[in-house]
Amino acid sequence: TPHPNAPIDCFYVYPTVSIDQSLNSDMIADPPERNVVRQQFARFASHCRTFAPLYRQVTLSGLRAAMAAGRRLTLEPGPGYSDVVDAWNHYLQHDNDGRGVVLVGHSQGAMVLTRLLAEEIDGTPVQSRLVSAILMGTSLPVAKGKDVGGAFKNIPLCRSAEQTGCGITVATFRSTLPPPAN
């Protein structure tokens, strides 16, 4: 149930779900895009006002093509990141009104938000509004024993449930393909 007076906002960038046959999805919210927002993000509405922009993500077809060619998924060149930057700036100008915000991303969405955090938020005045960044299906590199200095210069990894202004990352690995030593 949406919180009628939610004290903070949540901004979500969804994972790779587009079944469009092109390399990048179009700007039409197909069932996979709508469903993933409902399944993964709707529950956040009980605590925050929710914002989930549509973006021209790399599609499942595009991801398969990149993997078949032995390439890693990158956000360059591509319109998906630009779409999210535009949506973020629109949100800040028209909806945020100085409110705290949690950034939530999964998989490709987490990659996009990691870049957005590094390029648009880290070390800027808007960083003071960051409640947390929940980045699932990715990693945030930092030097061993440190909380900052890898992906971000000023946004630390979260160390406690009470900490704000920090990043949380969750990544899973198969038992047959454990994470690398670093």
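Just the heavy atoms: all of them, side chains too, but no hydrogens, waters or symmetry mates, feed the values below.
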In this structure, are over 12 heavy atoms from other groups packed under 6.0 Å from R38 atom CZ?
->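 Yes, CZ of R38 has more than 12 neighbouring heavy atoms, counting only those of other groups under 6.0 Å.
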Taking atom NE2 of H47 as the centre, does the number of heavy atoms from other residues, nucleotides or ligands within less than 6.0 Å exceed 12?
-> no
Just by modelled atom types, is the [Y] backbone N or O under 3.5 Å from a matching donor or acceptor in the [X] side chain?
X	Y	result
Q57	Q108	no
S22	N24	yes
R56	D26	no
Q40	V37	no
T164	V131	no

Close side-chain approach of [X] and [Y], heavy atoms under 4.5 Å:
X	Y	answer
T16	L60	yes
I121	W88	yes
F173	P178	no

Listed once per pair and sorted, the ring pair (Phe, Tyr, Trp, His ring centres under 6.0 Å) pairs that draw on residues 94-129, sequence neighbours left out |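 Every pair satisfying ring pair (Phe, Tyr, Trp, His ring centres under 6.0 Å) with a residue in residues 94-129: H90-H94.
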Any pair with a residue in residues 41-53 that passes salt bridge (Lys or Arg N to Asp or Glu O under 4.0 Å), sequence neighbours left out, goes on the list, sorted by first then second residue, please.
-> D9-R49
Pairs in or reaching into residues 133-162: which pass salt bridge (Lys or Arg N to Asp or Glu O under 4.0 Å), with residues at least two apart or in two chains?
-> D147-R159
What residues form a side-chain contact (heavy atoms from CB on, under 4.5 Å) with S139, not counting sequence neighbours?
-> none
Apply ring pair (Phe, Tyr, Trp, His ring centres under 6.0 Å) to Y91 and F51, showing your working.
-> CA-CA 8 Å; Y91 158 76; F51 299 85; 4.8 Å; yes
Quick one: list whatever passes ring-ring contact (aromatic ring centres under 6.0 Å, His included) with Y55, sequence neighbours left out.
-> Y14
Please list all pairs passing the side chain to side chain donor-acceptor pair (under 3.5 Å) test where one or both residues lie in residues 118-137, with sequence neighbours left out.
->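 Matches after skipping sequence neighbours: Y81-E119, N96-R129, R115-E119, D122-N154.
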Can you tell me how far OG of S25 sits from CG of L54, rounded to the nearest 0.5 angstrom?
->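 One finds 6.5 Å between CG of L54 and OG of S25.
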